[in-house]
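Just so it is clear: chains get the letters A, B, ... in the order the sequence lines come, proteins before strands, and each one is counted from 1.
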Amino acid sequence: MNFIEQIIEEDIRNGKNDAKVQTRFPPEPNGYLHIGHAKSICINFGMAEKYNGLCNLRFDDTNPVKEDTEYVDSIREDIHWLGFQWAKEFYASDYFDQLYLWAEQLINEGLAYVDDQTQEEISKGRGVPTAPGIESPYRNRSVEENLDLFRRMRAGEFPDGSRVLRAKIDMASPNMHFRDPIMYRILHATHHRTGDKWCIYPMYDFAHGQSDSIEGITHSICTLEFEVHRPLYDWFCEALRIHHPQQIEFARLNMTYTIMSKRKLLQLVKEHYVNGWDDPRMPTICGLRRRGYTPASIRNFAETVGVAKRDNIIDVSLLEFCAREDLNKTAIRTMAVLDPVKLIIDNYPEGQVEEMTAVNNPEDPEAGTRTVPFSKELWIERADFRENADKKFYRLSIDREVRLKYAYIIKCTHIVKDDAGNITEIHCTYDPNTKSGMPDSNRKVKATIHWASVQHSKKAEVRLFDRLFSAEDPDNCAEGETFLDHLNPNSLVVTEAWVEPTLTLEKAMAIKHFQFERLGYFYADPDSTEEKLVFNKTVSLKQ
RNA sequence: UGCCCUGUGGUGUAAUGGUAGCACAGCAGAUUCUGGUUCUGUUUGUAUGGGUUCGAGUCCUAUCGGGGCAACCA
């Protein structure tokens, strides 16, 4: 049981909030969701689900200059894809009228004032954490003057940045957020939902807690950087005498070899270091989806990393483990040769073709079987043959035997090289009595390798991904470097593969997740066409 | 040198005064028509010094380390 569950269970025991649980996931629609958000989503929706409560989706859209409906749509899609349904969909902008009224209320009670100082003056007046700030010369205006000025701010009489509404709290507080925080700023910008109705917009601190309050949120779960905002969150709820949700902070997710900053992710997209938000190398939900991660694997990952308050850096191999664990049980097996070299079975009859029976998923008998054509000339992986094989290598070599999966045991006789010394053909003989399923087929051989019939197989494009960054902590930069200096130049390698002939576009897009035997898990990319299938490598098999 | 949060194997996370457990990673072995899966075994840990207690990862205290806070961002 994590610490949030402990708090919630104690609240339920004490009958707080009528023993009900109501949470919310509150993204700002200014970017795409990433794996860190997935953790938050799983916590918020998970707590609601576990304690028979509800979870809302609320867009925290108080800054029109950064927000866009494109992001709203992607966020909705990603949450649904993860497998969660929100009770209600809200927007902080739904509450702009109420928020405005509450602002006037605080002005009337002498708890807020209009400040005419410039941004620099306000910043300077706030002081530094180790020393108190100084009060604004406009701090003690009359209620009437404040009300008049605030209404004229709303009416559009003043330019951007000329005035703000501030809460009157304590310029000497050791908590910087108490040094008369800004509640409203003037922004003559078109909002994605309210259009041009407003030219003043509330700040996060004057919108978030109240939005929670209006929705009857009981447990407002957020990340650690909002911890210092909590006293302010509490202060506004108390000052306004409204329902007071409990803010609880947990440590955000960090992962090795990846960046989670929305700003930097946006930069990668805008400056074309990656091919869009859904590039399979991105830690975004849509990127992971296109990479071939399943919702279950991501949900299980979120469960496995746990919830606590200490900073953490999760090993990316845990995410990969979660992918393999899920995909192993569900992915349909197929044979594909990514780095081909020709194998010729000298004693196999010219022109003969056999249909070999292959198992679709050894972990799931219900998945059935299929047939794969077998002939005299096959493609095998270049790495499955080694001329000078040591004891640790137990695949094909001259005079050595291996099994061709679902087919025969073969023995390598000789190889042919080109002038440059590259192997162009591997010759072997087969034992006709060792066909899979035959009585003599159980002879032990050290290895089984996969293959593709030269005359039957079809070509497909395969996109091989490696980590986007080569540094474990891309943000840990030497003097004069940025995270971009740690970009892995080999994070994307496009290659051509030979795949089974029965793998049609229709079949690939229906099945989606494949295991290319002995290689890894692959996902049928939406770029696939009838002419050319495209597969993304999700993750390799272990080892 | 203000305030807040936080220190448990390599990485995460449990243990709520009573045998430091689990997962990932690593290593070794068994099984296997995937060097996958499965199974077994195994290396590695309570930041440090005092104190309270029959007993401390847990409580007290001091020290040290990590993170956050000074946007008209969220």
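Sorted by residue number, the list of members of residues 380-390 of chain A with any non-hydrogen atom under 4.0 Å from RNA chain B is empty. Non-hydrogen atoms lying under 4.0 Å from RNA chain B are contributed by Ser317(A), Leu318(A), Phe321(A), Asn328(A), all within residues 316-328 of chain A.
Rounded to whole Å, the distance from CZ on Arg443(A) to P on U32(B) is 16 Å. We find that NE2 of His208(A) is positioned 17 Å from P of C73(B), with the value rounded to whole Å. Here C72(B) presents its P atom at 18 Å from NE2 of His188(A), a figure rounded to the nearest Å. In this structure, Arg518(A) atom CZ and U37(B) atom P are separated by 14 Å, rounded to whole Å. Going from atom CG of Asp473(A) over to atom C1' of G66(B) covers 13 Å, rounded to whole Å.
Proximity of Thr62(A) to the phosphate of C73(B): no side-chain N or O atom is located under 4.0 Å from OP1 or OP2. Listed pair Arg185(A) / A74(B) meets the phosphate criterion, a side-chain N or O lying under 4.0 Å from OP1 or OP2. Residue Arg166(A) places no side-chain N or O under 4.0 Å from the OP1 or OP2 atom of C72(B).
Taking both residues in full, the closest heavy atoms of Ser457(A) and Ser453(A) are given as OG-O, 2.7 Å, listed atom of the first, atom of the second, then distance. The minimum heavy-atom distance linking Arg400(A) with Phe393(A) is given by the pair NH1-O, 2.6 Å.
Ser173(A) comes within 4.0 angstrom of no nucleic acid atom, judged by non-hydrogen atoms across all strands. Residue-level contact check: Thr118(A) touches the bases, meaning some heavy atom is under 4.0 Å from a base atom. Across all strands shown, Phe178(A) has no heavy atoms under 4.0 Å from either base or sugar-phosphate atoms. Within the 4.0 angstrom heavy-atom criterion, base atoms lie near Glu517(A). Among the heavy atoms of the strands lying under 4.0 Å from Gln543(A) are primed sugar atoms or P, OP1, OP2 only; no base atom is included. Nucleic acid contact class of Ser123(A) (heavy atoms, under 4.0 Å, all strands): sugar-phosphate only. In this structure, Arg230(A) reaches neither bases nor backbone, as no heavy-atom distance under 4.0 Å exists between it and the strands shown. Among the protein residues, Phe226(A) comes within range of the nucleic acid bases, having at least one heavy atom under 4.0 Å from a base atom. At a threshold of 4.0 angstrom between heavy atoms, the contacts of Gly437(A) include nucleobase atoms, whether or not backbone atoms are also involved. Looking at heavy-atom distances under 4.0 Å, Gln117(A) makes contact with a base. Nucleic acid contact for Lys405(A): base, since at least one base atom lies under 4.0 Å from a heavy atom of the residue. Across all strands, Asn2(A) comes closer than 4.0 Å only to sugar-phosphate atoms, never to a base (heavy-atom distances). Residue contacts for Asn312(A): at a heavy-atom cut-off of 4.0 Å it reaches the sugar-phosphate backbone alone, with no base atom in range. In this structure, Lys444(A) reaches the sugar-phosphate backbone alone: every heavy-atom distance under 4.0 Å involves primed, P, OP1 or OP2 atoms, never a base.
G7(B) is paired with C64(B) under the Watson-Crick or G-U wobble criterion, all donor-acceptor distances under 3.5 Å.
Side chains of Tyr521(A) and Glu320(A): no donor on one and acceptor on the other come within 3.5 Å. Side chains of Glu354(A) and Tyr348(A): a donor-acceptor N/O pair is present below 3.5 angstrom, by distance only. Using modelled atom types and a 3.5 Å distance limit, the side chains of Glu28(A) and Asn63(A) yield no donor-acceptor pair. No side-chain N or O of Asn175(A) forms a donor-acceptor pair with one of Ser173(A) less than 3.5 Å apart.
Remark: side-chain polar atoms of Glu472(A) are not paired, donor with acceptor, to backbone N or O of Thr256(A) under 3.5 angstrom. Using a distance-only test at 3.5 Å, with no hydrogens or angles considered, a donor-acceptor pair links the side chain of Arg370(A) to the main chain of Val359(A).
You'll find that the side chain of Arg126(A) is closest to C72(B), out of G35(B), G36(B), C72(B). Residue Lys66(A) places its side chain closer to C73(B) than to any other of G7(B), G2(B), C73(B). If you check G35(B), U13(B), U34(B) against the side chain of Arg333(A), the one that comes closest is U34(B). Listed nucleotides C73(B), U13(B), C69(B) differ in distance to Met203(A); the shortest reach to its side chain belongs to C73(B).
Between the side chain of Glu249(A) and the base of G68(B) there is no donor-acceptor pair of N/O atoms closer than 3.5 Å.
Comparing Glu28(A) and Gly127(A), the nucleotide of RNA chain B nearest to each residue sits closer to the 5' end for Gly127(A). The residue among Val305(A) and Tyr184(A) whose nearest nucleotide of RNA chain B lies closer to the 5′ end is Val305(A).
Paired with Ser136(A) under the rule side-chain hydrogen bond (donor to acceptor under 3.5 Å, both in side chains), one option of Gln117(A), Arg126(A), Glu121(A), Lys168(A) passes, and it is Gln117(A). Here the options are Arg166(A), Arg152(A), Arg163(A), Arg139(A), the test is salt bridge (Lys or Arg N to Asp or Glu O under 4.0 Å), and the partner is Asp116(A); only Arg163(A) passes.
Nucleotides U19(B) and G55(B) have their P atoms positioned 15 Å apart, rounded to a whole Å.
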Practice problem: Could you give me the CA-CA distance, side-chain angles and deciding distance for Thr538(A) and Tyr293(A), then say whether side-chain contact (heavy atoms from CB on, under 4.5 Å) is met? | Solution: CA-CA 7 Å; Thr538(A) 309; Tyr293(A) 275 79; 4.0 Å; yes
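Ring pair Tyr100(A)/Trp198(A) is tilted by interplanar angle, where 30° to 60° counts as tilted.
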